[in-house]
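Read through the structure below, which is laid out as structure tokens, and then see the notes.
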Amino acid sequence: MPIGSVFGRMRTCTDILPWRIEGDVSAIVGDTSISDGDRPATYADATLILPLCVGKLRALWCHP
């Protein structure tokens, strides 16, 4: 299953993101906050890394 399909299905998921995964996502996106701070981060919030994943995959396919 393509990673884009997984992220696409998670866009509306309001389940709370485990703190370990939130830490991993935060490490990937750098200074960008994955939640608004008023509530815990959700799986839907974590889908903001999709464009980064797509860009990396394109780079791999275009420049092996």
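Along the sequence shown, residues carry numbers from 1.
Under a hydrophobic-cluster definition in which Ile, Leu, Val, Met, Phe, Trp and Tyr are linked whenever side-chain heavy atoms come within less than 4.5 Å, directly or via other members, I21 and M10 are assigned to the same cluster.
For CZ of R39, the number of neighbouring non-hydrogen atoms (other residues, nucleotides, ligands) closer than 6.0 Å is greater than 12.
I16 and Y43 get closest at one heavy-atom pair: O-CE1, 3.6 Å. Heavy atoms only, all atoms of each residue included: A46 and V25 are closest at CB-CG2, 4.1 Å. The minimum heavy-atom distance linking T42 with T14 is given by the pair CG2-O, 3.6 Å.
Using a 4.0 Å cut-off between charged nitrogen and carboxylate oxygen, R11 and D45 do not count as a salt-bridge pair.
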